[in-house]
Visitor: 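Pasting in a structure now, in structure tokens, and then I'll have a few things to ask.
Numbers restart at 1 for each chain; the letters A, B, ... are given by sequence-line order, proteins then strands. This structure is a prediction, so every number in the text was calculated from the model and none was measured.
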Amino acid sequence: MSHSLLPDPASRISIRNLSKFYKDFLALDRISLDIARGEKIVVLGPSGSGKSTLIRCLNRIEPHDSGVLMIDGKIIDGKTDLTELRGTVGMVFQNYNLFPHLSAVDNCTLAPRLVRGTAREAADAAARRYLEQVGIAEQADKYPIQLSGGQQQRVAIARALCMNPEIILFDEPTAALDPEAISGIVSIMDDLAAQEITTVCVTHEMGFARRIADRIVFMDRGAILEVAPPEDFFTSPKTDRARNFLDRMIRY
Amino acid sequence: MSPGSRGLSVLLCLLFTLTGLVLHHPAARADETPGFIQDGQLTLCTNPTLPPMTFVNGSDTTALAGMDIDLARLLAARWHATFVPDTMDFEGMFPSLAARRCGMVISGVLRQSGREKNYDAVPYADSALVVVARAGAPKLTAMTDLSGKTIATQSGTSYAARIEKENDTLRAEGRTPIIVQQYPTEDQVVQQVLIGRVNAFISQDVELYYRQKQLGGKVSIIFKPDYPDYRQFAIYIRKNAEDRVQLQRAIDDLTSGGEIAGLEKKWGVSGEHEQVFSEKNAPARFDFATFFSALTSVAFLKGAALTLTIAVLSHMMAIVISIPIAMRLNGPDSPLKFILSAYVAVFRGAPTLLQLLFIWNALPQFLPFFREHWFTPFLATWLSLSINESAYQVEINRAALRAVDPGQRLAADALGMKSAQVYRHVIFPQALRIALPPTINEFISLLKTTSLASVISLQELLAVTQIQVARTFEFTEYYSAALIYYLAMVFFFLYLQKRIERRFAWADRNKASANVA
Ligand SMILES: Nc1ncnc2c1ncn2[C@@H]1O[C@H](COP(=O)(O)OP(=O)(O)OP(=O)(O)O)[C@@H](O)[C@H]1O
Ligand SMILES: [Mg+2]
């Protein structure tokens, strides 16, 4: 892969030689990547390859140790205003991580009210609009415990959307869902793309990856080995490790 | 003002000045204020459960009465001092005297050589030790007749040590020793004989005479051993030869002036009462009138209010202290964490009673600051129970905070919430649900633990009850009234817990549904 040494301010996200250590363990090894506005990136790779670590660096839930991370032309480092960064970069988790003590709509309004100071009525209206967009308007007043996995993941997406992010990071959003629920999430992600929201999604579902990705990023042992459109990646992977990975994924 | 009256006022001024000079003249030195009078106050340490010497004569627990109290008043008057009684458990009196919390102890305490090693004693009344058993029990000819029998005494008194000497004799003769049970109050000692748990109890004659109304016909004196250490009641002060001389002179004056004899007559502290004592009186069963009057008395209400207040304040303080400690202890290792672990271990390990006694009696020895008047039994109790309770509450909070899924924090962080907001709106509400039941449990246990504070003279519910029982001997009625108060308070908090738990419907699928519907 050829990247200039300097990050590209025109990209939504531009990463150069990003490294991350957990104590002595090198979890990310000189990652470089440019992601365009509205692009849908899927990160693939074997377990422990550093996929979660990479996307957690993007909203600085995990601070990186070296290299450059630039979002919308701004360098992200120790001096960055985290509240602002996380307003720009939303995140959705594998286990949803909804706040169990708040109803679906309150899950969505908590951060806008606390972080943005939005009035309750306005936050409420926006939350209901997003819950409608993800197709669960009628569940708005239920507690998470009363919702199915798929419904909870939709609430989690609506919650991220309520902060009006330009980027949403997904860490295995479908891992705990059945196929029908997965297809629901797929159409929501199409919607996001239509709204020019950039998505970076870690997944183990090859079908899902193929269906939503503009580009596939393949990682192993903390490094990016391939970046390619899904057609190319799935039909003709360039590296042995990607080939082995795909063989194993298809066999099981 | 007329010229005449002006002349008069000039004269008066002169007169006052002269009087002032005379009063400050060294000639008045003989009656200089002794060391046990401080700041114009005579503070008396007394345990008011020993009628007729010192007790509460009525349902107002602050109104002390008895020969000792009257005597203290006379002494205060002699040195123009204000009389300030400070009531506490028997065990608390001498440590308080040593800690300068009071100037003297007058509390039906016998003059004994052992005590005189550390304190000066001035005797003021005669007494005799008596062995008392249930009416009809055979008389004894010697203390050793009690071999193998069980007797009750009040703890903190020296009776047990005296019996131990008898036991040495018994053991030397190869006989079974006397078994001694000790109880914190005199009324409990008597009760053991009445219910037949022990064969006899040991007391002073004067006390028995006073008890004739309650005990007449139920018990009788079976022996009067003539122990040298049990013949006189004495006033105790901190060791000081000059003070002692002054106090002795005061008692001598009161004796020759007939005041002491008057007090003995007033409180029935003389032998002529022994006859009356053995007359029969009809014993009463449960007296509902007493029970209801106790239940509705101001004394009980105040005692219960104090119990509740100290428990609520202590627990609130404990929660405030324990949350940051719990958060630290759940965090990464640091020297501070080590110190906090030690804090928790020490205060969970040490008995609560010991902590109370330590803060009240030992702390002032290191830090004179805590000897001052602002440091009341209430503050001392609040301080020790807060610290003690916080150690337990830390563990509850730690477990509750750990039980909150770390993903919650992650999700809140990812939404850009500040750390304080994350705790306030995400972690604490969930931790509260987990912490609430054990916290209420702890509170209920704390509510009952407050009764320990009677040792440092806090007039909480149980102290009030015991003072009333000591006065009337109506155990069942007063204990029942106290029980009702404790149960009412506990049930209220259990109800409160139920009410709060309703707000946690979110954690239960079925209840949550019911809420939405
Ligand atoms: N907080 C942490 N402390 C220490 N090591 C960590 C930490 N988080 C992740 N690691 C290690 O970093 C490596 C990458 O972890 P990461 O979670 O990014 O993998 P992943 O590709 O997301 O795997 P999976 O597909 O199983 O989710 C792993 O070897 C993991 O053990
Ligand atoms: Mg992962």
Visitor: Can you see whether A/Tyr96 has A/Arg154 sitting over its ring - NZ or CZ less than 6.0 Å from the centre and within 45° of the normal?
Guide: no

Visitor: Do A/Ser103 and A/Asp141 meet the criterion of a side-chain donor-acceptor pair at a distance under 3.5 Å?
Guide: no

Visitor: Considering only heavy atoms, which portion of A/Phe93 lies under 4.5 Å from any heavy atom of chain B: side chain, backbone, both, or neither?
Guide: side chain

Visitor: Could you tell me whether the side chains of B/Tyr343 and B/Ser390 share a donor-acceptor contact shorter than 3.5 Å?
Guide: yes

Visitor: Side chains of A/Thr198 and A/Glu166: do they bring a donor and an acceptor to under 3.5 Å?
Guide: no

Visitor: Between B/Arg433, B/Arg503, B/His425, which residue shows the highest count of heavy-atom pairs closer than 4.5 Å to chain A?
Guide: B/His425

Visitor: Taking every heavy-atom pair that is under 4.5 Å apart, which of A/Leu169, A/Leu114, A/Thr83 has the most such pairs with chain B?
Guide: A/Leu114

Visitor: Given that the side chain runs from C-beta out, which part of A/Leu147 has a heavy atom under 4.5 Å from chain B: side chain, backbone, both or neither?
Guide: backbone

Visitor: Please classify the contact of A/Asn95 with chain B as side chain, backbone, both or neither, using a heavy-atom distance under 4.5 Å.
Guide: neither

Visitor: Measuring heavy-atom distances to chain A, does B/Asp405 have an atom under 4.5 Å in its side chain, in its backbone, in both, or in neither?
Guide: side chain

Visitor: Quick one: of A/Glu84, A/Arg159, A/Met163, who has the most non-hydrogen atom pairs under 4.5 Å with chain B?
Guide: A/Arg159

Visitor: Between B/Arg499 and B/Arg502, is any pair of side-chain heavy atoms under 4.5 Å apart?
Guide: yes

Visitor: Give the ring-plane orientation class for A/Phe99 versus A/His101, where under 30° counts as parallel, over 60° as perpendicular and anything between as tilted.
Guide: tilted

Visitor: Taking side chain as everything from C-beta outward and backbone as N, CA, C, O, which of these in A/Val89 sits under 4.5 Å from a heavy atom of chain B? Side chain, backbone, both or neither.
Guide: backbone

Visitor: Heavy-atom cut-off 4.5 Å, strictly under: side chain, backbone, both or neither for A/Arg56 against chain B?
Guide: side chain

Visitor: Under 4.5 Å from any heavy atom of chain B, what part of A/Leu85 do you find: side chain, backbone, both or neither?
Guide: neither

Visitor: Distance alone, cut at 3.5 Å: any donor-acceptor contact between the side chains of A/Ser19 and A/Asp65?
Guide: no

Visitor: Given a strict heavy-atom distance threshold of 4.5 Å, which part of A/Ile61 is in contact with chain B: side chain, backbone, both, or neither?
Guide: side chain

Visitor: For chain B, which of A/Leu82, A/Asp81, A/Leu98, A/Leu102 has the most heavy-atom pairs under 4.5 Å?
Guide: A/Leu98

Visitor: What about B/Phe369 and B/Trp374, are their ring centers closer than 6.0 Å?
Guide: yes

